[in-house]
Amino acid sequence: MNAPAQTIVWPDRLFESLKRGNVAQVGYVPDAGHTRLIERCQADPDIHDVSLTTEEEGVALAAGAWLGGQRCALLMQSSGVGNCVNMLSLMRTCRFPMLMVVTMRGEWEEFNPWQVPMGGIVEPVLKLCEAEVYRAREPSEVEGIAQRAVQQAFGDERIVAVLLSQQLIGKKVWTK
Amino acid sequence: MSQGKLDRRAAMAALVADRGEDLLVVPGLGSTTWDLAAAGDNPKNFYSWGAMGGTAMIGLGLALAQPARRVAVITGDGEMLMGLGSLATIGIKRPPKLAVIVFDNGVYGETGMQPSHTQSGADLVGVARSCGFPVCLDVTDEAGLTDLAARLKGLRETLFARVAIAAEEPPRVLPIRDGAEIKRRFRAALGLNA
């Protein structure tokens, strides 16, 4: 943990998994933990990067993308999961694929107590929304989990969330 | 904003008349979905029975994925107000063949005609303009509607239009409501694996 940013490779592994999975749209609310992944998406001419005002917009974006034949991933912080709950009804009712990549707050070394209430209920909330939930705690786990999540979301047309533990992200990356 | 006079069913019919092969229509939940169904069923309609606040964003994802086709989001003022931030999001991407059209009657029709924020002055055209939509129209009469329908046919720039409709509740015309089937037939109509 707390490795210098240039030695952290898991965001690149995540990006490569999205590319191998032909993800062509990526919605996000700017997030420190997702900084490198967002930058990779912005730099890729074959990805529409969509900066959202709230995460819920990204759920509807993903539905529209799939209607038009493209795959969309949604990047967010754990607080954003709460913003998505009702819109996930759209994905469940219509069986749209939904790939969510969530950086966790409110757990390991959290300085801000306001992050704790939502961070602590992310997993049960997602499961109530019929999402398949995976959690990566170690850098070595990220690629395999991402690969499986991509296959499951778009192959089975269902909601899949990849949670990136706060311990994995490391406090130096998100505390500027 | 001024209270509308235009008939919602006639307005919808005018917008989707002779729609062509390339027009994809995303109505909002409730009245605009009934209006679109009343204008004639089409597999390239993505009817909505829920997802309030998400209609414009469904349109954005679709427009980015299908840049050669025209996409018309046609929703109500209450639905648009719930997703107002999406106008800022669309204002960044500005897909040239996306139109966001809001039927504004100043009330929440589905829940009993309670006043919406547009009745107290919330200016949706002003919001869209400030969010960077290159074309913003306030349609209040037949001539404006004819102009909007023509612009929709030759859509080349991201367009926002408010259509001032009368606060009436015509008989409901209900389309299919199985979401998975609405999605399946929409994708099939685009030649995608259902």
Side-chain angles (χ1 to χ4, degrees), chain A residues 22-30 38 41-42 44-74 76 80 83-99 129-130 154-159, chain B residues 24-26 28-29 43-69 71 73 79 82-95 97-98 131 177-194:
Chain A
N22 295 316
V23 169
Q25 296 189 29
V26 175
Y28 56 88
V29 172
I38 290 171
C41 294
Q42 289 169 332
D44 190 311
D46 296 323
I47 289 179
H48 295 290
D49 68 289
V50 181
S51 179
L52 311 165
T53 71
T54 173
E55 293 80 357
E56 155 182 54
E57 289 176 4
V59 179
L61 177 79
W66 188 252
L67 279 177
Q70 283 193 341
R71 295 176 170 198
C72 177
L74 176 55
M76 70 183 80
N83 294 345
C84 292
V85 171
N86 182 52
M87 202 57 76
L88 288 174
S89 307
L90 169 65
M91 314 317 261
R92 294 162 67 191
T93 305
C94 302
R95 278 200 62 186
F96 280 116
M98 180 77 254
L99 176 61
C129 295
E130 298 174 344
F154 301 109
D156 300 351
E157 297 188 311
R158 57 172 307 174
I159 304 168
Chain B
L24 312 175
V25 185
V26 185
L29 82 170
K44 291 174 190 163
N45 296 343
F46 183 70
Y47 301 117
S48 179
W49 290 73
M52 187 162 176
T55 310
M57 287 302 298
I58 295 173
L60 177 61
L62 184 54
L64 292 175
Q66 290 283 332
R69 299 179 197 259
V71 176
V73 169
E79 202 281 335
M82 193 176 279
L84 215 49
S86 58
L87 292 178
T89 298
I90 293 168
I92 295 177
K93 302 304 290 186
R94 295 192 295 274
K97 293 195 174 191
L98 173 64
C131 288
R177 62 190 169 133
D178 175 347
E181 175 60 15
I182 298 168
K183 172 198 70 173
R184 190 204 62 76
R185 66 176 207 154
F186 188 100
R187 281 174 52 94
L190 269 58
L192 301 165
N193 294 331

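No hydrogens, no waters, no symmetry mates; every other heavy atom, side chains included, goes into these values. Residue numbers start from 1 in every chain, and the chains themselves are labelled A, B, ... in the order their sequence lines are given, proteins ahead of strands.
Using a 4.5 Å cut-off between heavy atoms, B:Leu64 touches chain A through backbone and side chain atoms alike.
The CG atom of A:Leu61 sits 9.5 Å away from the CD1 atom of B:Ile90 when rounded to the nearest 0.5 Å. The CE atom of B:Met57 lies 9.5 Å from the CE atom of A:Met87; values are rounded to the nearest 0.5 Å. Distance CG/B:Leu60 to NE2/A:His48: 9.0 Å, rounded to 0.5 Å. If you take CZ on A:Arg95 and CZ on B:Arg184, they are separated by 13.0 Å, rounding to the nearest 0.5 Å.
Among A:Thr93, A:Leu90, A:Leu67, the residue with the largest count of heavy-atom pairs under 4.5 Å with chain B is A:Leu67. Of the listed residues B:Gly191, B:Gly54, B:Ala180, the one with more heavy-atom pairs under 4.5 angstrom with chain A than any other is B:Ala180. Between chain B and the residues A:Gly27, A:Gly68, A:Ala65, A:Gly58, the most heavy-atom pairs under 4.5 angstrom are made by A:Gly68.
Counting all heavy atoms, side chain and backbone alike, B:Arg187 lies closest to A:Trp66 at NH1-O, 2.6 Å. Closest approach of B:Ile58 to A:Ala63, counting heavy atoms only: CG1-CB, 4.4 Å.
A donor-acceptor pair is defined here as one N or O able to donate and one able to accept, closer than 3.5 Å; no such pair exists between the side chain of B:Lys93 and the backbone of A:Ser51. With hydrogens and angles ignored, the 3.5 Å screen pairs no side-chain donor or acceptor of A:Glu57 with any backbone N or O of B:Thr89.
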